[in-house]
There are 2 protein chains.
Amino acid sequence: MEADETDLDRHPHPHLAVDVALLTLHERALHALLLRRDAAPFAGAASLPGGFVHIDESLPDAVVRVLREKCGLHGVFVEQLFTFGDVGRDPRGRVVTVAYYALVPVAALAAARATGELTLCRLDVPWPQTQGGPVRALDANGKPLRLAFDHDVILGTTVQRLRGKIDYAPVGFELLPPQFTLLDLLEVHQAVLGCPINKDSFRRRLLASGLLAPTGRLRANVAHRPAALFRFRRKGRGKGHA
Amino acid sequence: MEADETDLDRHPHPHLAVDVALLTLHERALHALLLRRDAAPFAGAASLPGGFVHIDESLPDAVVRVLREKCGLHGVFVEQLFTFGDVGRDPRGRVVTVAYYALVPVAALAAARATGELTLCRLDVPWPQTQGGPVRALDANGKPLRLAFDHDVILGTTVQRLRGKIDYAPVGFELLPPQFTLLDLLEVHQAVLGCPINKDSFRRRLLASGLLAPTGRLRANVAHRPAALFRFRRKGRGKGHA
DNA sequence: GCAGCATATATGCATTTGGAAGATAAGCAA
DNA sequence: TTGCTTATCTTCCAAATGCATATATGCTGC
């Protein structure tokens, strides 16, 4: 940062946007909340909710505003993901975007989906483990949607981040309602990781983690022994990571 | 992204910069390469090498340029860290910075340190584990330096990221010369993590990881049994992460 | 009300993984 | 050559995990 802002204003500088990859769990699969663009560029394509950062708002504030204005959502879990700044990523000009990801239980989207052009699209992750790469979003018929800008890469980076994080950070809870069973949580992990998980060790590990608070209640209306309902306990006594 | 760029140009938009937290290992401790600011704001304070992003260069290109222009360095390991965009973080106006971290063996800095106002400052991390928070940079006398902008937080985020990553990603090698002993690598991990590590399990884990290629050579000029020298083998056959 | 069903939960055991300690090896110095 | 120091190897033990089995429980159909 060698020059005064007055110097810099003589030259054009990049525009700055935020985009939000909002993920949820629906029918045991990861879904993203996408909107349909009706203006060029990429008219007709699906895109992440996003918007330009105002001169007087922080990045998290911009994200909160975008989620409110475009999705009618508030109070959702949000974390910064990565900043994408390739020169050619927006045909309109130089736009650098700070991508965030948001996680919400699918029930919280009922209101959002009623509002306008939003659709919940199942994600198709064509790579294993945490390898990374773009991800496809499927329409109701299972056909891949055209995604605007580099949003396929942003979605891919989101899944990659979640896969690397879910084993040691309590992010799975953000995709579940306040009360859930261990099987619910297991299915979240399986959907994120894209592979089956050992049920017993998962149970033991989670019960020992101190992250679960028993509610004393049971899952109702199931034609078999009902599972215990748990609640996420924040500030689980962490045991380091080594 | 709802508006045309022509619309947006009517309004002022944030400036965009990159800052690089360049870390190395010196005397078994993490050090950062800092430069002394001679212009306001924060004149006299220490700061990360950084600069504004040009309209026609990608973010990685801007980082490479900054490292070349300000530090005389090229070919170093660089990864994106986090984007800092608080409204008040730069008193000159709205500047959002995409922070990167770079890792280099200390020997590679000989040239850089000769060039101008660069100093290698030992880092003092006042928090355990991966808790996070700002980090102090110490001068040659061990006194904390005044750090410009939010660069104390950027350095803290770098250490936090490294601590979370070094156990499962091959980043420790970037801080070592091409050939090194297992004890060298262990000391890198200890310096990053800020806590002692079990020597035997470290040896077993690393030898089994496939990341080390034996060179057949031994450390010379030591008054005891010399350790074997290894080389970092890229593309170690990863075994997933579960 | 009762047998039976499907899943939840608990228990036991083999395998694997990581920590700790001792034994041995290999250079150099006196 | 002896002794010192650190590297490397071997062994043992505790903890975590995968797997198989046994038991528990609420519901459904009769």
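Across the protein-nucleic acid pair, R205(B) atom CZ and dG19(C) atom C1' stand 12 Å apart, rounded to whole Å. D167(A) places its CG atom 13 Å from the C1' atom of dT17(D), with the value rounded to the nearest Å. dA20(D) atom C1' lies 11 Å from atom CG of N198(A), rounded to whole Å. What separates CG of L206(B) from C1' of dG19(C) is a distance of 16 Å, to the nearest Å.
Annotation: F82(A) is in aromatic contact with F84(A) [ring centroid separation under 6.0 Å]. Ring centroids of F173(A) and F180(A) are separated by less than 6.0 Å, placing the two rings close together.
For D86(A) and S58(B), the side-chain atoms include no donor-acceptor pair closer than 3.5 Å. Residues E79(A) and Y100(A) have side chains that never bring a donor and an acceptor to within less than 3.5 angstrom of each other.
For K70(B) and E117(B), the salt-bridge test fails: no basic side-chain N is under 4.0 Å from an acidic carboxylate O.
The salt bridge (Lys or Arg N to Asp or Glu O under 4.0 Å) analysis of residues 204-221 of chain B, with sequence neighbours excluded, yields the pairs D184(B)-R219(B).
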Item checked: nucleotides 4-17 of chain C: protein proximity per nucleotide (B base, S sugar-phosphate only, - neither; heavy atom, under 4.0 Å) -> --BBBSB-B-----

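Each end of the helix from dG1(C)-dC30(D) to dA30(C)-dT1(D) gets its own axis from five base pairs, and the two axes differ in direction by 0°, given to 10 degrees.
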